Asks: 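The following block contains the structure, expressed as structure tokens.
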Protein chains: 2
Amino acid sequence: MRVLVVEDETRLAENIADGLREGPGFAVDIARDGEDALHFCSAADYDLIVLDLMIPRLSGAEVVRQLRAARNRTPVLVLTAVSETGNTIHLLNAGADDYMTKPFDLGELIARARALIRRGKGVSEPLLRFGDLEVHTGEQSVSHGGRKIELSPIEYRILEYLMFRPRLVISKRELLEHLYDFTWEHHSNVIEAHVSNLRKKLRAATEAEVLETLRGRGYRLVGRA
Amino acid sequence: MRVLVVEDETRLAENIADGLREGPGFAVDIARDGEDALHFCSAADYDLIVLDLMIPRLSGAEVVRQLRAARNRTPVLVLTAVSETGNTIHLLNAGADDYMTKPFDLGELIARARALIRRGKGVSEPLLRFGDLEVHTGEQSVSHGGRKIELSPIEYRILEYLMFRPRLVISKRELLEHLYDFTWEHHSNVIEAHVSNLRKKLRAATEAEVLETLRGRGYRLVGRA
DNA sequence: TCCACCCGATGCGGGTTCTGGTAGTGGAAG
DNA sequence: CTTCCACTACCAGAACCCGCATCGGGTGGA
């Protein structure tokens, strides 16, 4: 999953970013002010935006307003200082999805981030199921009929992303965009390679063809529901 | 978060209160004696109580006793002078959760306060058990099947922290955050080193692999319950 | 002073990810 | 139906990163 952190205080921004990378394994970009944030959002499709209210150039509130005006539905988690809580209601009405007051517990931020991403994709439970396949987003594990399947972190992320929209074709490009951040420069067959490995493991565990290739279009999960 | 500081020495009380307000941003009330403290506690639901032992009207020990008798599970952090340490053990067994001897470092008090709060409203049992492993939070000692395991202070705190949520993956970041005070600039492998030593001691004592590493995610305690 | 402990650095080992190459497959055009 | 081309699968080695063990120096307490 790809997340944008909008925060001008470098230390805090890095802190949050690292937490989101290490814990749930998100790809994270950092924007330092409101205009920056909008640029990033037009350049990439994020699964979540973590937005500080007090940022230079454009206020957090304004950022949300412009995003929503542009029909961007990405979930927004707002960070406010205690003194700003008065505006909060206002902000939620303007299109934010959740808020936390600083200082906050990083663990809780991660928990809410996960929940928001799920909700943004129309899923309410932390357990993704498709056929006999189960993905536990909390502990980042996968099982098939109760038996655990061992995946590398990247393989897990790919599968998780697909599991949010089973049966739907997902392009390689989309996978790249959502699994890596902007610091990524490589253009090779990374995705193909990992999908290949993932497919092999899934085939071994399920004894069926679950991960289908649609030539020139992408991949999708198939199978009887 | 709401914290009650029980301390009759005004200067010290204000000092602690300010530290808790500025650092982690807690809301802090101050009670000047034991009865005061109990009144405050019946009027509000605190997340933590910082309690001096030597206070007028009702001793700290008595305060804890009455609180627990009234089914109040708020974590209690006790402050003692060195000469009183003899009573401390009793106090911890009576339901206090942690203690520090005066004079103490304000940063460390904050760190411990946060740790206590995050451990939440779980029962303040002085004994943590997981499998054959027992952690006596009172005397800060560890034993395995009745045989004591000698740990250094830091090793103990790491183990204790893990024992509060056995089987759950705890990241290095979280350990750092909870065991050291918040301003931690340099990143090194302190945690890895201590975990390494701790694991060695645990392995020697239990003759089993208790402390598991999840690469890139963290550590967790495993084993049959 | 001595001792236990903690910190920070370093090299090693193992696992994960990336890359390049090759074989294979499907679609389109002839 | 055949041929050709672009795209994909899979493999194997390389590069990289993370965590482990260990050690010397520093520090604070007895």
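Note that the structure is predicted; figures quoted are calculated from it, not measured.
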Asks: Could you state the CD1-P distance from B/Ile158 to D/dG19, rounded to the nearest angstrom?
Replies: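 Computing the B/Ile158:CD1 to D/dG19:P distance gives 14 Å.
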Asks: Quickly work out the A/Glu22 CD to D/dC18 P distance and round it to whole Å.
Replies: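 So the CD-P distance, A/Glu22 to D/dC18, works out to 9 Å.
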Asks: Is B/Tyr219 close enough to D/dC18 that one of its side-chain N or O atoms is under 4.0 Å from OP1 or OP2 there?
Replies: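 No, B/Tyr219 has no side-chain N/O under 4.0 Å of OP1/OP2 on D/dC18.
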Asks: To the nearest Å, how far apart are A/Lys200 NZ and D/dA12 C1'?
Replies: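 The distance from NZ of A/Lys200 to C1' of D/dA12 comes to 11 Å, rounded to the nearest Å.
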Asks: What's the NZ-C1' distance between B/Lys172 and D/dG19, to the nearest Å?
Replies: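 In whole Å, D/dG19 C1' lies 6 Å from B/Lys172 NZ.
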Asks: Assuming nearest nucleotide by heavy-atom distance, tell me which of B/Glu155 and B/Asn189 is located more 5' along DNA chain C.
Replies: B/Glu155
Asks: Rounded to whole angstrom units, what separation is found between the CG atom of A/Leu214 and the P atom of D/dA9?
Replies: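 Going from A/Leu214 (CG) to D/dA9 (P), I get 10 Å.
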Asks: Does OP1 or OP2 of C/dC6 have a side-chain N or O of B/Tyr156 closer than 4.0 Å?
Replies: no
Asks: So A/Arg203, base contact, sugar-phosphate only, or nothing? Heavy-atom distance under 4.0 Å.
Replies: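 It contacts sugar-phosphate atoms only.
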Asks: Picking from A/Thr74, A/Asp47, A/Asp29, what satisfies side-chain hydrogen bond (donor to acceptor under 3.5 Å, both in side chains) with A/Arg2?
Replies: A/Asp29
Asks: Determine, stepwise, if the pair A/Ser141 / A/Lys148 fulfils side-chain contact (heavy atoms from CB on, under 4.5 Å).
Replies: CA-CA 8 Å; A/Ser141 70; A/Lys148 203 167 172 198; 3.7 Å; yes
Asks: Taking OP1 and OP2 of C/dT16, is either one under 4.0 Å from a side-chain nitrogen or oxygen of A/His194?
Replies: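 So the side-chain polar atoms of A/His194 never come under 4.0 Å of the phosphate oxygens OP1 or OP2 of C/dT16.
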Asks: Is A/Thr213 near enough to D/dA9 that one of its side-chain N or O atoms lies under 4.0 angstrom from OP1 or OP2?
Replies: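 Indeed, a polar side-chain atom of A/Thr213 lies that close.
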Asks: Quick one: on DNA chain C, does B/Arg215 or A/Ile154 contact a more 5' nucleotide (nearest heavy atom)?
Replies: B/Arg215
Asks: Provide, to the nearest angstrom, the distance between the CZ atom belonging to B/Arg173 and the P atom belonging to D/dC18.
Replies: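 Whole-Å distance recorded here is 13 Å.
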Asks: Would you kindly give the CZ-to-C1' distance between B/Arg217 and C/dG15, to the nearest whole Å?
Replies: 13 Å
Asks: Which whole-number value in Å describes the distance from A/Leu176 CG to D/dT8 C1'?
Replies: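 That distance rounds to 15 Å.
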Asks: Examine distances only and state if a side-chain atom of A/Ser171 and a backbone atom of A/Glu174 form a donor-acceptor pair shorter than 3.5 Å.
Replies: yes
Asks: Nearest to the side chain of B/Glu192, which nucleotide is it out of C/dT16, D/dC20, C/dC18?
Replies: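 Of all the options, the side chain of B/Glu192 is nearest to D/dC20.
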Asks: Determine, step by step, whether A/Leu221 and A/Met163 satisfy the side-chain contact (heavy atoms from CB on, under 4.5 Å) criterion, reporting the C-alpha distance in whole Å, the side-chain angles of both residues, the deciding distance to 0.1 Å, and the verdict.
Replies: CA-CA 7 Å; A/Leu221 293 174; A/Met163 285 286 282; 3.4 Å; yes
Asks: Do A/Thr213 and A/Arg199 have a side chain donor and acceptor closer than 3.5 Å?
Replies: yes
Asks: Measure from the side-chain heavy atoms of B/Ser196 and tell me the nearest of C/dC6, D/dA21, C/dT17.
Replies: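 So the nucleotide nearest the side chain must be D/dA21.
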Asks: Determine the contact category for A/Asn197: base if any of its heavy atoms lies under 4.0 Å from a base atom, sugar-phosphate if only primed atoms, P, OP1 or OP2 are that close, otherwise nothing.
Replies: nothing
